[in-house]
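These notes are about the structure you will find just below.
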Amino acid sequence: MNQMTQPADLDIDYGPLYAVRKKIFPQSVSGTFRNIKWALLVACLGVYYLLPFVRWDRGPNAPNQAVLIDFPNRRFYFFFIEIWPQEVYYFTGLLIIAAMTLFLMNALGGRIWCGYLCPQTVWTDLFYAVERWIEGDRRARMIKDKRKLDARRVVEIVSKHAIWLFIAWWTGGAWVLYFADAPTLVKELATGQAPAIAYVSIAVLTFTTYFLAGHMREQVCVYMCPWPRIQAALTDEWALNVTYRYDRGEPRVSIKKSEELRTKGEPAGDCVDCYQCVAVCPTGIDIRNGAQLDCIMCGLCIDACDTVMKKVGRSSGLIAYDTDLNVRRRLAGQKPIYRLIRARTVIYLAIIAIAGLLMLYTLATRSALALNVLHDRNPLSVALSDGSVRNAYTIHFLNKLNELRTVALEVDGLPDSVVHVVGSDIITVGPPLVALAPDQTREVRVLVTVPAGREIDKSTPVVFRTRDVVTGETATAQDHFIAR
Ligand code: SF4
Ligand code: SF4
C-alpha cells in the first residue's frame, strides 16, 4: 500500500513493492456522501447518455444537434457556439480551465474529483450497484465467492456480466452519437448501415468500459492513473482530506471495554474498532492508517462511521474531511484552523476567471468573416511584356454565417494595382466580388498587377481586405508584393 506522510505511525511498515491483488467486496452504505455520489452519478450519466439527442436550431443550413463533433465538415458545435479548426485555441482555453479546476478541487478537498466525478469512479459505482443487486451485499458476495459453483450461482454470474456488457455497450453507443446526427446514426446502427468506424468504436469502448469498471475497478485508481501521484505533489497541509481523527478515536476499544475504562477514568477512544469504514471502502483500505494514495476521498467511510457513531450514541465526525494539522492541533489542545482561501486557491480561481472571461470576450467579438493569404512561391513575381509586374496568391475565405454572402476584395498598400480573382463568377466594374456559400470556406487564386512605371520597393507590405457588400463586415490579412 502506498503511503504518504503519516503523523501517527512514522515507523509504519510500508510492505513489499508488489502485492497480490486482494478481492474487495465493498459493503453498501447510506448517508450524506453516498447520496451526493448517487446524485452526481445520475447527473453525469444522464448528461452523457442523453445529450446527443438534445436539439438546437441553428437555421436551415446547419445541423440541429446541440453538441456535435462534425469531423467531415471540420466543425465542433456546442449549443450556440460553433468552433472552426482555425479556432482551436478555444480548446486550449478549455484545457487550461479544466486543469485549473482540477487543481482547485485538489487544493480544497484532495482527490474529490476521483471520489465523485471521475468516469472510472462513476461507472465502477454503477457496476457495483448491479453486482449488489444480483449477488447481494458484501457478506453474501464473500460467501458466494468461496462457494462451489451451482446452477443458481452460474445464473447470477451470467446475469451480472450480461448487464455489465449491456451498460458497456450502451456507453460505447452513446459515445459515437456525439460524432454524427444521433437519431440518424441510431437508425443506421440498427439496420447495419452505419460506417464501419462506428461499430469499431462501439466495440472498443464496450470492451474498455466492461474491463475497467467491471474487472479492474480500484486497480485503475491505485496503479494505472497518474493523477494520485501528481495530486500528492500538488497538495498542501490545508487541503481537506478524508481524515480519521485519531485524537478522538484512539485508543480503539470495544463499546463494552470503553465504558469500563471510562468508568475507571482511563483513556478510551471513540473508535469501536468495528471495521465498518474498511468494509465500505471501494479501494479496500483502512483510513485509520492515515492519508494514503489509494484513498479516492469518496467519503463513504465517513457515512459508515457516522452510522456507527449514531448507533452507539456518540457524536458523528470521527472520520471527516479535515487536515492532519488540525488533528495535531486538537491533540495539543489548540483550536483547529481551516484555510480554504489561500494563495493557491486564489491563483487557481483567478486563472479560471481570466481564461473564462477571455474566451467569452473572443466568442462575443469573433468575426463571422475571415481570410488567409498564401503567396505563390514559384515564381514569386512575374514581369509581363507590357512592363507591369504581377504576383499571384491563394486566398482562403471563411464564411461562418449560415447564409450566402458576397464579398469584395481589395488590396491596400499598392496604389493603382489591379486585383483579379481567377474564375470570378461575378462580373463587376469595381473591386472583384466573390460569392461565399453558407458556413463554408472557399479558396480562390488572386492575381495582383502593378502597372509599368510605378516605383515600388523590392518587397512591399500589402493588406488584403475583404468586405461583405451587404453588412459591411470586413476581414484583413497581410502579405507582401515582390517586385523583380
Ligand atoms: S478510505 Fe474512505 S474516502 Fe478513502 S477511498 Fe476508502 S471509503 Fe473512500
Ligand atoms: S467505522 Fe468508525 S468506529 Fe468503526 S472502525 Fe471505522 S473509525 Fe472505528
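The structure presented is a predicted model; accordingly, all values stated were derived computationally and were not measured. Both ligands and their constituent atoms are indexed starting at 1 by order of listing.
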Test: [X] and [Y] ion pair at under 4.0 Å:
| X | Y | answer |
| --- | --- | --- |
| Asp236 | Arg339 | no |
| Lys160 | Glu131 | yes |
| Arg245 | Asp270 | no |
| Asp125 | Arg34 | yes |
| Lys257 | Glu266 | no |
| Arg75 | Glu82 | yes |
| Glu250 | Arg252 | yes |

Note the single closest protein heavy atom to [atom], along with its residue, its atom name and the distance in Å.
| atom | answer |
| --- | --- |
| atom 2 (Fe) of ligand 1 | Cys301 SG, 2.3 Å |
| atom 6 (Fe) of ligand 1 | Cys281 SG, 2.2 Å |
| atom 4 (Fe) of ligand 1 | Cys295 SG, 2.3 Å |
| atom 5 (S) of ligand 1 | Ile296 N, 3.4 Å |
| atom 8 (Fe) of ligand 1 | Cys298 SG, 2.3 Å |

With heavy atoms of [X] as the reference, note each atom of ligand 1 found under 4.0 Å away.
| X | value |
| --- | --- |
| Val242 | 3 (S) |
| Gly299 | 3 (S), 8 (Fe) |
| Met297 | 3 (S), 4 (Fe) |
| Ile285 | 1 (S) |
| Ile287 | 1 (S) |
| Pro282 | 7 (S) |

Straight-line distance of Asn106 CG to Arg111 CZ, nearest 0.5 Å: 10.0 Å
Proximity of Gln292 to ligand 1 by residue part, where a heavy atom lies under 4.0 Å: neither
With distance as the sole test, does Thr345 use its side chain to make a donor-acceptor pair with the main-chain N or O of Leu340 at under 3.5 Å? yes
Report yes or no: does Asn64 contribute a side-chain atom to a donor-acceptor pair with the main-chain N or O of Arg55 at less than 3.5 Å? no
Does NZ or CZ of Arg139 fall inside the cone over Phe25's six-membered ring, less than 6.0 Å from its centre and within 45° of the axis? no
Indicate the ring-plane relationship of Phe211 and Phe207, choosing parallel, tilted or perpendicular according to the 30° and 60° boundaries. parallel
May I ask you to determine how many protein N/O/S atoms are under 2.8 Å from atom 8 (Fe) of ligand 2? 1
Which of the numbered atoms in ligand 2 are below 4.0 angstrom from a heavy atom of Met309? 3 (S)
